[in-house]
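Let me begin by presenting the structure, written as structure tokens, before commenting on it.
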Amino acid sequence: MNKTRNSIAALVLSASALVGLAVSEGYRDRTYVPVEGDVPTLGFGSTQGVQVGDTIDPVTALQRVLVDVGRYEGAIKQCVTAPLHQHEYDAFVSLAYNIGPSAFCRSTLVRLLNAGDHEGACDQILRWNKFQGRELRGLTLRREREHKLCIGQ
């Protein structure tokens, strides 16, 4: 494994992480609300501009997830100043894609990361397994996968 961390400006989401993100999100061709009180979602977890009743085909959903990921990467690059390994970056993009860039950038995770505590930042991923104060098994499993990716397993 590469021991050198790279400037965040030089990193882009890896192809394997994009596939992992799409698998984690799952594909739906019709709008759905993942959990009561959540936002309408479509395709591979897209939420921006999604309205109840929208539909999407797989190709368009993949195109949309690529655009969405680019937005999340841009947001992360504005708030993370620490150099990262590719696997850390991939894990953090997946997390931000799921919780939103604002929540990600305001998090303790980012404060720890920018202070140089990469291990502590990776451990923070496990804390993001709740919705409206309730732990969700699906989120717990996803956070465990992201945490393993973050620590290089």
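These numbers come from the heavy atoms of this one structure, side chains and all, not from hydrogens, waters or symmetry mates. Residue numbers count from 1 along this sequence.
- Lys130 contributes no side-chain N or O that, together with a main-chain N or O of Leu139, makes up a donor-acceptor pair within less than 3.5 Å.
- Using a 4.5 Å cut-off on side-chain heavy atoms (C-beta onward), Leu109 and Arg127 make no contact.
- A heavy-atom distance below 4.5 Å is not found between the side chains of Pro83 and Tyr89.
- Surrounding CZ of Arg71 are more than 12 heavy atoms belonging to other residues, nucleotides or ligands, all under 6.0 Å away.
- Residues Leu113 and Phe92 share a closest heavy-atom pair of CD2-CE1, 3.6 Å.
- Within the 4.5 Å cutoff, no side-chain heavy atoms of Leu62 are placed close to those of Tyr27.
- Residues Arg64 and Val50 are in side-chain contact: their nearest non-hydrogen atoms beyond the backbone lie under 4.5 Å apart.
- Ile125 and Tyr72 fall within a single hydrophobic cluster, where Ile, Leu, Val, Met, Phe, Trp and Tyr side chains are chained together by heavy-atom contacts under 4.5 Å.
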Worked check of side-chain contact (heavy atoms from CB on, under 4.5 Å) between Asp29 and Thr55: CA-CA 5 Å; Asp29 65 349; Thr55 61; 5.7 Å; no

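- Two residues are said to be in side-chain contact when any heavy atoms from C-beta on lie closer than 4.5 Å; Glu144 and Leu126 meet this criterion.
- Taking OG from Ser94 and CD1 from Ile99, the interatomic distance works out to 10.0 Å, rounded to the nearest 0.5 Å.
- Glu73 contributes a side-chain N or O that, together with a main-chain N or O of Leu13, makes up a donor-acceptor pair within less than 3.5 Å.
- Leu149 and Phe104 fall into different hydrophobic clusters, where Ile, Leu, Val, Met, Phe, Trp and Tyr are joined by side-chain heavy atoms under 4.5 Å apart, directly or via other members.
- The hydrophobic clustering, which links ILVMFWY residues whose side-chain heavy atoms are closer than 4.5 Å, places Tyr32 and Phe44 apart.
- For the atom pair CG of Asn129 and CG of Leu141, the computed distance is 10.0 Å after rounding to the nearest 0.5 Å.
- With contacts defined as side-chain heavy-atom distances shorter than 4.5 Å, the pair Gln132/Asp38 does not qualify.
- Rounded to the nearest 0.5 Å, atoms NE2 (His147) and OG1 (Thr140) are 13.5 Å apart.
- Summarising the local packing, NZ of Lys148 is surrounded by 12 or fewer heavy atoms from other residues, nucleotides or ligands at distances under 6.0 Å.
- Hydrophobic clustering, with ILVMFWY side chains joined whenever heavy atoms are under 4.5 angstrom apart, groups Tyr97 together with Leu95.
- Within the 4.5 Å cutoff, the side chain of Gln86 has heavy atoms near those of the Leu11 side chain.
- Taking CG of Asp90 as the reference point, atom CD of Glu146 lies at 11.0 Å (rounded to 0.5 Å).
- Residue Cys79 comes nearest to Val110 through the heavy atom pair O-CG1, 3.6 Å, listed as atom of the first residue, atom of the second, then distance.
- Between His118 and His85, every side-chain heavy-atom pair lies at or beyond the 4.5 Å cut-off.
- Residues Leu18 and Val65 come closest through the heavy atom pair CD1-CG1, 4.3 Å.
- Shortest non-hydrogen contact noted between Gly43 and Ala61 is CA-CB, 3.9 Å.
- No continuous path of ILVMFWY side-chain contacts below 4.5 Å connects Ile56 to Val39, so the two sit in separate hydrophobic clusters.
- For the atom pair Trp128 CH2 and Thr108 OG1, the distance stands at 8.0 Å (nearest 0.5 Å).
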side-chain hydrogen bond (donor to acceptor under 3.5 Å, both in side chains) assessment of Thr81 paired with Asn114: CA-CA 6 Å; Thr81 57; Asn114 287 339; 3.1 Å; yes

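- Summarising the geometry, atom OG belonging to Ser46 is positioned 11.0 Å from atom CG belonging to Asp54; distances are rounded to the nearest 0.5 Å.
- Here the closest heavy-atom approach between residue Val33 and residue Pro40 is recorded as CG2-CA, 4.2 Å.
- Atom CD of Gln48 sits in a sparse spot, with 12 or fewer heavy atoms from other residues, nucleotides or ligands closer than 6.0 Å.
- Remark: the backbone N or O of Gly20 is paired with a side-chain donor or acceptor of Ser24 at under 3.5 angstrom.
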